[in-house]
Amino acid sequence: MRIVTWNINSVRLRLAHVERLTKTLNPDVICLQETKVQDPDFPHDALAGYGYKYRAVRGMKNYNGVAILSRIPFSANGGDDWCGKQDCRHASAHLPGDIELHNFYIPSGGDIPDPKVNDKFAHKLQFMTELAAWSKKRKRGGGAKRTVIVGDFNVAPLETDVWSHKQLLDVVSHTPVEVEHLERLRAAEDWLDAVRHFIPPEQKLYSWWSYRARDWRASDRGRRLDHIWVTPPLTASLRRAEIVKDARDWMPASDHVPVVVDIDP
DNA sequence: ATGGTTGGTAGCCAA
């Protein structure tokens with residue numbers, strides 16, 4: 001089973017990119033973030049036409065929005081509200097092979113990395129705190145669930161997940177307090193970073209490049225903000241992981257590229 | 001140090 005996560009930055013603007021993704025990678029499941037479309041306007045027909053007959057969609061006007069598109073039938077689906085907001089940052093589905101899938105869009109956090117003066121940064125930290133509590137509660141519930149969480153986590157945790165560790169230490173996405181919050185989530189259920197499972201942590205690796213660079217590839221000032229994690233019972237089932245860097249040139253491009261894993265459940 | 005770009009949507013806000 002091939003699962004892709006992608007912050008597509010408007011699904012309607014980049015529908016043809018989804019089709020291209022199906023032709024180049026043929027994913028079974030596609031998790032999108034920043035769909036930027038309210039549910040009544042979601043392009044169900046086009047995506048069904050690409051073979052994604054099963055869809056879980058949570059969108060709103062203007063911002064955010066997540067979707068799970070699947071060729072494989074999924075039984076139940078949903079999504080929760082976080083931080084007391086109904087802002088469409090979570091969708092979930094139960095896949096065959098007893099695999100639970102969660103698609104998250106963690107808040108970006110604004111510009112100033114101080115929760116006292118920046119409500120967006122406070123929201124981001126609170127979101128990760130609630131995710132860690134959710135994960136701990138799941139673990140206490142027992143059963144060692146086979147779970148995949150994916151999405152735009154908006155945090156680049158490793159020094160090699162950013163183009164310059166030193167220069168980004170006080171830049172939102174790579175500050176120590178964010179990295180600590182993300183690590184608390186990871187440790188809550190002993191989540192495994194499925195991409196770093198295959199690509200060594202010494203190697204620079206990014207999934208996002210700013211729109212503001214003149215030449216994103218030449219400057220290569222990227223960050224790895226998009227992630228796929230699995231619970232320990234799925235570790236042995238992981239087969240492959242890839243970040244589809246070339247998609248940064250699929251015009252008009254999203255500033256994020258797809259992240260892929262293959263799981264043999 | 002600053003400004004640089006993009007998307008949704010109708011004036012800027014969010015990233």
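A, B, ... follow the sequence lines: proteins, then strands. Residue 1 opens every chain. Values in this document were obtained by computation on a predicted structure and should not be read as measured data.
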Taking atom [atom1] in both [N] and [M], what distance in whole Å separates the two?
N: dG4(B); M: dA15(B); atom1: C1'; value: 14 Å
N: dG7(B); M: dG3(B); atom1: P; value: 22 Å
N: dA14(B); M: dA10(B); atom1: P; value: 15 Å
N: dT9(B); M: dC13(B); atom1: C1'; value: 10 Å

From [atom1] of [X] over to [atom2] of [N], roughly how many Å is that when rounded to an integer?
X: L225(A); N: dA14(B); atom1: CG; atom2: P; answer: 19 Å
X: D111(A); N: dG4(B); atom1: CG; atom2: C1'; answer: 13 Å
X: R221(A); N: dA15(B); atom1: CZ; atom2: C1'; answer: 19 Å
X: N9(A); N: dG8(B); atom1: CG; atom2: C1'; answer: 10 Å
X: K85(A); N: dA14(B); atom1: NZ; atom2: P; answer: 11 Å
X: M60(A); N: dA14(B); atom1: CE; atom2: P; answer: 11 Å
X: I8(A); N: dT6(B); atom1: CD1; atom2: P; answer: 17 Å
X: N154(A); N: dA15(B); atom1: CG; atom2: P; answer: 8 Å

Exercise for the section: Tell me which residues in residues 164-177 of chain A put a heavy atom below 4.0 Å from DNA chain B, sorted by number, or none. Expected result: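 The stretch gives none, as no residue of it lies under 4.0 Å from the strand.
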
Problem - Positions of residues 207-218 of chain A (non-hydrogen atom under 4.0 Å from DNA chain B), listed by number - result: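 Going residue by residue through residues 207-218 of chain A, the ones with a heavy atom under 4.0 Å of DNA chain B turn out to be Y211(A), R212(A).
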
Salt-bridge test for [X] and [Y]: reply yes if a basic N is under 4.0 Å from a carboxylate O, no otherwise.
X: D215(A); Y: R221(A); result: no
X: E189(A); Y: K136(A); result: no
X: D81(A); Y: R58(A); result: yes
X: D262(A); Y: R239(A); result: no
X: D220(A); Y: K204(A); result: no
X: K245(A); Y: D249(A); result: no

Problem - Side chain S173(A), main chain V155(A), donor-acceptor under 3.5 Å - result: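 Between the backbone of V155(A) and the side chain of S173(A) there is no qualifying donor-acceptor contact (under 3.5 Å).
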
Problem - Backbone N/O of S207(A) and side chain of R223(A): donor-acceptor pair under 3.5 Å - result: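 No.
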
Would you please indicate if the ring centroids of [X] and [Y] are separated by under 6.0 Å?
X: W6(A); Y: H256(A); answer: no
X: H102(A); Y: W134(A); answer: yes
X: F74(A); Y: H94(A); answer: no
X: W216(A); Y: Y211(A); answer: no

Using a cut-off of under 3.5 Å, enumerate the N/O to N/O pairs linking the protein to nucleotides 9-12 of chain B.
none

Handout entry: Along DNA chain B (nearest heavy atom to each residue), the more 5'-positioned of P107(A) and S10(A)
Key =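 Counting from the 5' end, the first nearest nucleotide belongs to S10(A).
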
